[in-house]
Amino acid sequence: MPATPAWPPASTPRLFIDSALGEGMAVPVDGAAANYLGNVMRLKEGDPVRLFDDRTGEWLAEVSSVSKRSLTLAITAQLSVREDVPDLWLVAAPIKKGRIDWVAEKACELGVARLVPVITRRTIVDRLNVERLRTHMIEAAEQCGRTALPEITEPVKLGALLRDWPADRTLYFADEAGGLPFVDVAKPGPAAILVGPEGGFTDEERVAIRAVPGATGTSLGPRILRAETAAAAAIAIWMAAAGDWRSESR
Ligand code: SAH
C-alpha cells in the first residue's frame with residue numbers, strides 16, 4: 001500500500017471547460033455544470049475537481065466559492081498534458097436521434113479525432129443538432145478520463161465531401177455490398193471511415209465513392225450491420241489494426 005493516498009481521488013468530478021486553462025487560474029462555472037457540481041455532487045469550498053480543456057491537458061482545481069447558481073474553481077496543479085489521438089475521422093450519415101447520439105459517444109470513447117456528418121441520398125434525418133452530439137461527446141470524455149475531444153463539423157453533402165477529399169487521407173468505405181476485409185487493409189496514417197445511413201448507399205454513390213483516389217471499399221464481415229454498429233465496429237478494427245491499440249504504438 002502506498003503511504004500517501006493517490007490525489008486526487010478517482011471519484012473526483014471531471015469537467016470539460018471550453019477555454020484554455022492554466023496554473024493559478026480562477027474558473028467561473030455556471031449553468032448545468034454548476035448545478036451538477038453544487039447541487040448533485042454537493043461540493044463545498046476546498047473540494048477537488050479535475051478540469052480539462054481539449055487544449056492544454058488536465059488540471060486539478062478546488063472549489064474556492066459556491067453560491068446558489070454558480071461556483072468558482074481555483075486551479076492548483078497540472079495533472080497531465082493533452083493526450084495524442086490517432087488521425088482517424090468518422091464520416092457518418094446522420095441516423096435517427098438516439099442512435100446518432102450513441103455513435104457520437106462511442107466515437108469519442110474509441111478515440112476518433114473528427115466526426116463528419118455526411119448527407120447521402122438515403123439519409124432520412126433532415127435536421128441534425130450538432131451541439132447535442134457535441135454534448136454527448138463531452139459527457140463521454142468527462143466520464144472516461146479523456147483529455148481530448150473529437151471535433152465535430154457541420155453536415156456536408158456526400159458529393160461535396162468527395163469532390164474536396166484531401167489527397168493524403170485514405171477513405172475507407174464501409175460497403176455493405178462487400179469489399180476487402182477491413183482488418184486486412186487498415187493502414188496507419190491519416191484515415192477516414194465512411195458509413196452510410198439506415199438505408200445504405202445507392203449504386204451511383206458506391207461508384208462515386210470508389211472513384212476517389214485512395215478510397216478503399218471495405219467489408220465488416222458477412223453480416224449486414226446497423227449503421228451505428230458498423231461505425232463502432234469499424235473504428236475498433238482500425239484502432240486495433242492501425243491505430244494506437246497495438247503494443248508498439250504505446
Ligand atoms: N439497409 C441496408 C444496410 C445499411 S447498413 C441494406 O439492407 O443493404 C448501414 C451502413 O452500415 C452501410 O451503408 C455501411 O456503411 C455499413 N455496413 C453495414 N454492414 C456492413 C458490412 N457488413 N460491411 C461493411 N459495411 C457495412
Side-chain angles (χ1 to χ4, degrees), residues 86-130 133 136-137 150 152-166 169-243 245:
D87 191 359
L88 176 66
W89 298 357
L90 175 65
V91 182
I95 50 175
K96 283 188 189 144
K97 189 176 165 179
R99 295 185 185 276
I100 189 70
D101 296 339
W102 190 90
V103 169
E105 181 180 291
K106 300 313 162 200
C108 174
E109 289 172 46
L110 291 163
V112 159
R114 180 185 290 192
L115 175 59
V116 182
V118 61
I119 311 298
T120 65
R121 275 290 301 282
R122 296 190 181 142
T123 301
I124 53 172
V125 173
D126 54 357
R127 280 190 56 239
L128 183 70
N129 186 338
V130 169
L133 296 187
H136 283 282
M137 297 197 296
I152 179 164
T153 69
E154 287 299 320
V156 49
K157 291 203 170 127
L158 181 64
L161 179 98
L162 299 180
R163 207 168 41 241
D164 299 337
W165 191 257
R169 184 169 299 273
T170 309
L171 179 60
Y172 295 105
F173 163 39
D175 189 354
E176 67 272 25
L180 301 167
F182 191 23
V183 68
D184 291 345
V185 294
K187 297 269 178 313
I193 295 166
L194 173 60
V195 177
E198 293 91 338
F201 290 101
T202 65
D203 288 340
E204 298 78 63
E205 286 177 329
R206 272 198 185 86
V207 171
I209 298 163
R210 285 171 179 267
V212 170
T216 309
T218 61
S219 162
L220 302 171
R223 289 166 291 279
I224 299 229
L225 309 171
R226 289 180 119 167
E228 68 273 27
T229 316
I235 299 166
I237 290 172
W238 189 88
M239 285 291 167
W245 292 7

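The shown structure was predicted, so the numbers you read here are calculated from the model rather than taken from an experiment. Just follow the structure's listing: the first ligand is 1, and inside any ligand the first atom is 1.
Checking side-chain atoms of Y172 against main-chain N and O of W238 turns up no donor-acceptor pair under 3.5 Å. Under a 3.5 Å cut-off, the side chain of S219 and the backbone N or O of G221 do form a donor-acceptor pair. Judged purely by atom type and a 3.5 angstrom limit, E198 uses its side chain to pair as donor or acceptor with the backbone of K96. A donor-acceptor pair is defined here as one N or O able to donate and one able to accept, closer than 3.5 Å; no such pair exists between the side chain of R169 and the backbone of P190.
Ring planes of F201 and F173: perpendicular class, angle over 60° (limits at 30 and 60°).
Protein neighbours of ligand 1 below 4.0 Å, counting non-hydrogen atoms: A174, D175, E176, V195, G196, P197, E198, G199, G200, F201, T218, S219, L220, G221, R223, I224, L225, A227, A230.
The 12-atom threshold is not exceeded at CZ of R121, counting heavy atoms of other residues, nucleotides or ligands nearer than 6.0 Å.
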